[in-house]
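Atoms within each ligand, like the ligands themselves, are counted from 1 in listed order.
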Amino acid sequence: MSIVDIEGLTFSFSRKEAPVIKDFSLSVGKGELVGILGQSGSGKSTLLRLISGLETPLSGTISIAGTTVVSNHVFIQPENRGVGMVFQDYALFPHMTVKENILFGLSKMPRKDRKQRVDEMLELVQMEKFEKRFPHELSGGQQQRIALARALAPKPKVLLMDEPFSNLDADLKESIREELFNILRKADMTCIMVTHDRNDVEAACDYSIVMGQADVKNHISPKKFQSIK
Ligand SMILES: Nc1ncnc2c1ncn2[C@@H]1O[C@H](COP(=O)(O)OP(=O)(O)OP(=O)(O)O)[C@@H](O)[C@H]1O
Ligand SMILES: [Mg+2]
């Protein structure tokens, strides 16, 4: 079964302009890690915002784990879609500790279970000793791991990441990247990752697609890379 199913998705910021995303289709299976490549301005972030419900398409449908989350007749709110998101700048809440940041997404979980889930997440990203720290007291790579822990804590059906390594220097990036993908594989997480770096794709993704290529008119068939599973 596919976890994310996108069919005929078209989106424009204004009626006067050509669509940013046009008749786009994509299907992502359980546990797959898909890379989204493409030039600046090609619509990569917009695609993630459409999947998570931060934008509404002109037409097309998106289903997540078999439930239609948007179509001509349906619009499910972002918080009810089962989507986790890691933003380019991590977007941790600066006035909250690590623990509070992770707790933030757990409001739907029974109160008694929350503490245990936070502990599990801290263990997963190997940050147990940091729960009382504030984001500004962490390195870039540590912040990245906390952003990941926060996104995974509510058990999303799919994780969306927008250039998750863009703030890291090359050395750190390599070790963090490996660690991140080990964590995702361990959790059998379905994941769509925007990146501008083909090395990310080759290191980790099952396959990748390129946004905004005229010759494929945004209707993209995945180019399979060798799976590392
Ligand atoms: N809020 C907005 N209003 C109008 N146009 C927008 C808005 N946000 C983005 N755009 C335009 O939509 C197009 C796609 O933007 P998007 O942010 O999805 O690109 P991207 O592929 O993520 O680029 P980058 O690699 O630079 O992050 C761009 O041409 C951009 O200028
Ligand atoms: Mg972007």
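- Close contacts of ligand 1 with T46, meaning ligand atoms under 4.0 Å from a residue heavy atom, involve 14 (C), 15 (O), 16 (P), 18 (O).
- Residue S45: an N/O/S atom is found under 2.8 Å from the Mg ion (ligand 2).
- Two residues are said to be in side-chain contact when any heavy atoms from C-beta on lie closer than 4.5 Å; L106 and V118 meet this criterion.
- Using a 4.0 Å cut-off between charged nitrogen and carboxylate oxygen, R49 and D162 do not count as a salt-bridge pair.
- Side-chain atoms of R145 come within 3.5 Å of backbone atoms of V125 as a donor-acceptor pair (strictly under, hydrogens ignored).
- Side-chain contact between F165 and L180: present, with at least one pair of heavy atoms (C-beta onward) separated by less than 4.5 Å.
- Scanning the protein heavy atoms around atom 14 (C) of ligand 1, the nearest turns out to be G41 O, 3.4 Å.
- Without hydrogens or angle criteria, E131 side chain to K99 main chain gives no donor-acceptor distance under 3.5 Å.
- In this structure, R81 forms a cation-pi arrangement with F75, its terminal cationic atom sitting closer than 6.0 Å to the ring centre and no more than 45° off the ring axis.
- From the protein, the heavy atom lying nearest to atom 25 (O) of ligand 1 is K44 NZ, 2.7 Å.
- For atom 27 (O) of ligand 1, the closest non-hydrogen atom on the protein side is S45 OG, 4.0 Å.
- For ligand 1, the polar-atom distance check finds no N/O of F13 at less than 3.5 Å from any of the ligand's N/O atoms.
- Close contacts between ligand 1 and S42 involve ligand atoms 19 (O), 21 (O) [criterion: under 4.0 Å to a heavy atom].
- Counting the atoms of ligand 1 from 1 in the order shown, those under 4.0 Å from a heavy atom of Q39 are 21 (O).
- In this structure, L26 CG and L9 CG are separated by 10.0 Å, a value rounded to the nearest 0.5 Å.
- Residue K108 comes nearest to N80 through the heavy atom pair NZ-OD1, 3.0 Å, listed as atom of the first residue, atom of the second, then distance.
- For G38, the closest heavy-atom approach to ligand 1 does not fall below 4.0 Å.
- At a heavy-atom distance under 4.0 Å, no atom of R49 approaches ligand 1.
- For atom 30 (C) of ligand 1, no protein non-hydrogen atom is found at a distance below 4.0 Å.
- The protein atom (non-hydrogen) at minimum distance from atom 26 (O) of ligand 1 is S40 OG, 2.6 Å.
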